[in-house]
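Structure record follows, encoded as structure tokens.
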Amino acid sequence: MNTDEVISFAKRRGFFWQTAEIYGGLSGIYDYGHIGTLLKRNFENIWLSFFVNINENYYLIDCSNILPERSLISSGHTAHFNDMIVSCSKCHAHFRADQLISDKKIEVSEGADSSTIDEIIKKYKIVCTVCKSPLSMAKPFNLMFDLYLGPEKSDKAYLRPETAQDVYLNFAREFNILRKKLPAGLAIIGKAYRNEISPRQGLYRLRELIQAELQIFFNPDSWDVDYKNVADRPLTILFYNSDETECIPVKNLIEEHAIPSFYAYHLAIIDIFYKEVLKIPDDKFRFHEKGGDEKAFYNRIHMDIEVDIESLGGFREVGGVHYRGDYDLTSHAKGSMQDLSVSVGDKKIIPHVLELSFGVDRTLWMLLDLFYKKEEERTILKIPGYLSPYNAAILPLQNDLNGESEKIFRRLNPLFRVFYDTGGSIGRRYARMDEIGTPFCITVDYETVDKQSSNYNTVTVRYRDDKKQIRIPTTDIADFIRKNIVFNPSIFMPYTLPSDE
RNA sequence: GCGGAUGUAGUGUAGUCUGGUUAUCACUCAGGCUUGCCAAGCCUGAAACUCGGGUUCAAAUCCCGACGUCCGCACCA
């Protein structure tokens with residue numbers, strides 16, 4: 001698959017396409033159609049039940065996309081997301097002004113405005129490092145979208161560049177309501193906005209993107225994570241400054257690589273999520289440690305979650321595991337002049353943060369890329385059944401069976417996502433369902449309605465992946481779907497959880 | 001943002017160089033016939049020149065601009 005094939009499939013089958021496409025579209029901004037929305041919500045719900053519902057002190061919150069300027073000054077985003085850029089007047093190469101200037105060992109304050117920078121460039125005769133031509137005037141380059149609120153448009157705000165900031169801003173209140181227990185987790189699934197210069201490759205680099213993030217607040221002195229259930233689980237990691245991936249058990253990562261247990265443990269949880277829940281093949285998944293310039297300055301440990309995505313040309317980032325220390329709460333405490341410390345025994349501490357961050361759009365792209373399979377006579381989206389847009393399809397073998405099949409459909413429709421189709425031949429209907437990943441087709445045939453038949457009041461269930469059929473009583477359909485479709489995180493989790501079974 | 005390429009039904013395309021019939025073909029989709037389990041067949045139908053300006057008797061075709069897409073560069077705290 002290449003990007004065009006993924007996009008064409010997505011458009012044809014109702015997954016996603018560009019926003020306002022009748023006006024020519026908007027670069028880096030996409031809409032999800034009805035099939036894509038079902039897939040996205042299934043993914044989000046599974047993510048939630050896997051990462052959030054598994055700890056009684058982790059919760060989902062839902063916050064504004066608009067944040068006041070002051071909060072993003074404190075977080076460092078205005079300084080680091082708003083760079084002054086100069087470009088070469090001749091070869092159009094772009095440079096970050098602060099880098100050019102500090103390369104000349106000249107001091108410049110971080111918030112220097114364009115005229116200050118122009119003066120410095122003129123005074124020290126700084127030219128293009130590529131072709132030595134004169135440089136243009138400095139222009140601010142904003143990766144954040146700014147907004148001006150109120151009738152006079154006097155209050156400056158931004159669309160949030162990451163959902164994480166909302167969590168930090170809500171931490172103090174939530175921590176109190178949650179009765180002051182650590183570790184505490186706050187998750188957000190929501191939109192974030194970045195004014196990317198060059199959004200490309202479908203859903204990979206977007207200007208409006210969906211993040212699913214869990215911020216875990218903990219006491220760095222005493223977070224004893226019991227990792228014995230995952231101690232031997234091998235993790236594939238590409239370490240910083242290394243060319244080769246290594247396969248290393250969790251316990252060795254902790255003992256030999258000085259990775260804290262809380263961090264290694266969550267790598268294992270994520271590894272389970274991708275390989276066992278999302279069914280990513282082992283050789284297409286890895287963690288990639290970032291260091292040096294690739295790592296944000298506040299991250300103490302930073303590993304990207306990478307999946308080998310053919311249409312994007314190899315391993316690409318779909319998420320990240322960031323040990324952010326106390327950077328965020330400390331910055332906001334300082335900027336807001338609020339005390340964001342918490343009491344642990346007779347000590348006051350600023351909790352540390354472990355951030356588990358997932359790009360939802362990228363994940364959906366990845367699923368289409370990885371699971372869209374062309375076989376000899378058909379195409380199948382082989383995603384796990386609990387992710388499928390539809391749980392099942394109800395089909396009459398022939399259209400004179402519509403009465404009975406429609407009755408079954410109406411009974412199941414309030415309980416599940418089921419699709420009813422009478423158009424074309426039975427084979428064509430199976431093919432339609434295969435292509436959007438519907439795991440089961442339930443077919444009403446003449447025996448279903450034949451009182452003389454031993455198969456009276458039974459239907460056939462046809463499996464998507466191997467086309468095999470079984471026969472089950474009509475009254476068992478709901479149970480069958482429930483058993484095969486409903487996502488139960490406890491079967492994957494290394495925690496001891498009460499089982500539903 | 002720069003440079004190059006490019007934009008035709010829902011999807012993929014022919015036609016563009018060299019302006020001139022009712023814009024090609026396939027799949028898809030809808031209706032019908034047929035069909036007793038895997039995209040079958042037959043009939044009928046719907047459906048497109050990205051947008052705006054210009055040149056011309058005449059523009060999908062040539063020119064300019066906008067928007068989108070792709071590749072490279074740059075960017076991606």
Side-chain angles (χ1 to χ4, degrees), chain A residues 2-5 7-14 17-29 33 72 75-83 85-96 98-99 110 128-130 136 139 141-144 161-162 164-165 194-202 204-207 209 290 293-299 302 313 317 322 324 327 375-380 395-401 422-435 441-450 459-464 466-469 471:
Chain A
N2 59 38
T3 50
D4 287 343
E5 286 169 327
I7 288 169
S8 140
F9 169 60
K11 281 159 83 168
R12 196 158 42 81
R13 286 297 177 188
W17 42 81
Q18 276 191 294
T19 294
E21 62 174 358
I22 61 169
Y23 285 95
L26 204 47
S27 194
I29 315 262
L72 292 161
S75 68
H77 282 86
T78 53
H80 291 99
F81 257 47
N82 283 350
D83 292 319
I85 289 270
V86 291
S87 55
C88 173
S89 55
K90 199 168 170 190
C91 72
H92 301 292
H94 285 73
F95 306 97
R96 271 175 54 182
D98 59 336
Q99 279 181 357
E110 232 182 35
C128 172
T129 55
V130 180
S136 68
K139 280 187 298 206
F141 168 63
N142 304 306
L143 212 54
M144 289 196 293
E162 58 177 6
Q165 293 307 320
R194 298 175 186 185
N195 194 9
E196 298 285 354
I197 298 177
S198 165
R200 268 179 206 179
Q201 296 186 298
Y204 188 74
R205 181 165 299 161
L206 296 174
R207 289 189 168 133
L209 55 125
K290 296 295 174 104
D293 289 345
E294 307 164 339
K295 184 174 72 129
F297 63 92
Y298 51 75
N299 276 336
H302 174 162
E317 175 194 357
H322 310 133
R324 300 172 67 129
Y327 172 78
E375 299 191 348
E376 318 88 61
E377 287 298 312
R378 59 178 189 150
T379 49
I380 318 172
L395 311 170
L397 183 64
Q398 293 294 312
N399 285 354
D400 52 346
L401 293 161
T422 61
S425 65
I426 189 72
R428 180 172 294 264
R429 292 177 220 156
Y430 288 150
R432 286 188 189 117
M433 289 299 103
D434 287 343
E435 200 174 13
C441 289
I442 289 160
T443 305
V444 172
D445 61 18
Y446 290 98
E447 290 176 82
T448 309
V449 295
D450 178 6
V459 290
T460 58
V461 177
R462 176 241 190 212
Y463 289 78
R464 176 192 69 198
D466 57 11
K467 302 185 187 175
K468 289 216 175 86
Q469 297 195 356
R471 216 165 172 104

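Chain identifiers are assigned alphabetically (A, B, ...) following the order of the sequence lines, protein sequences preceding nucleic acid strands; residue numbering begins at 1 within each chain.
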Just name whichever nucleotide pairs with [N], Watson-Crick or G-U, keeping both distances under 3.5 Å, else none.
N     : answer
B:U69 : B:A5
B:C27 : B:G10
B:C57 : B:G20
B:A74 : none
B:A40 : none

Inset, instruction - Could you pick out which residue, A:G24 or A:G427, lies toward the 5' side of RNA chain B when each is mapped onto its nearest nucleotide? - result: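 The residue closer to the strand's 5' end, by nearest nucleotide, is A:G427.
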
Inset, instruction - For A:S27 and for A:R205, locate the closest nucleotide of RNA chain B by heavy-atom distance; then report the residue assigned to the nucleotide nearer the 5' terminus. - result: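 Closer to the 5' end of RNA chain B: A:S27.
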
Side chain of [X] (C-beta onward), nearest among [options]:
X      : options             : value
A:Q398 : B:A74, B:U35, B:C37 : B:U35
A:K467 : B:C38, B:U35, B:C73 : B:C38
A:T460 : B:A39, B:G72, B:C37 : B:C37
A:I197 : B:A30, B:C37, B:A74 : B:A74
A:R462 : B:C38, B:C37, B:A74 : B:C38

Legend entry - Phosphate-side-chain proximity, A:R12 and B:G12, N/O vs OP1/OP2 below 4.0 Å: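 Answer no for this pair, as no side-chain N or O of A:R12 is under 4.0 Å from OP1 or OP2.
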
Inset, instruction - Taking A:R205 for its side chain and A:G28 for its backbone only, find out whether a donor-acceptor pair lies under 3.5 Å. - result: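 Here the side-chain-to-backbone pair does not exist.
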
Legend entry - Pairwise C1' distance for B:A47 and B:G31, with rounding to whole Å: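 Per the computed distance, 15 Å lies between those C1' atoms.
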
Using only modelled atom types and a 3.5 angstrom limit, is any donor from either the side chain of [X] or the base of [N] paired with an acceptor on the other?
X      : N     : value
A:R378 : B:C38 : no
A:Q469 : B:C37 : yes
A:Y430 : B:C37 : yes
A:R13  : B:G10 : no

Inset, instruction - Using only heavy-atom distances, determine whether the side chains of A:N299 and A:Y327 contain a donor-acceptor pair under 3.5 Å. - result: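 A:Y327 and A:N299 do not have a side-chain donor-acceptor pair below 3.5 Å.
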
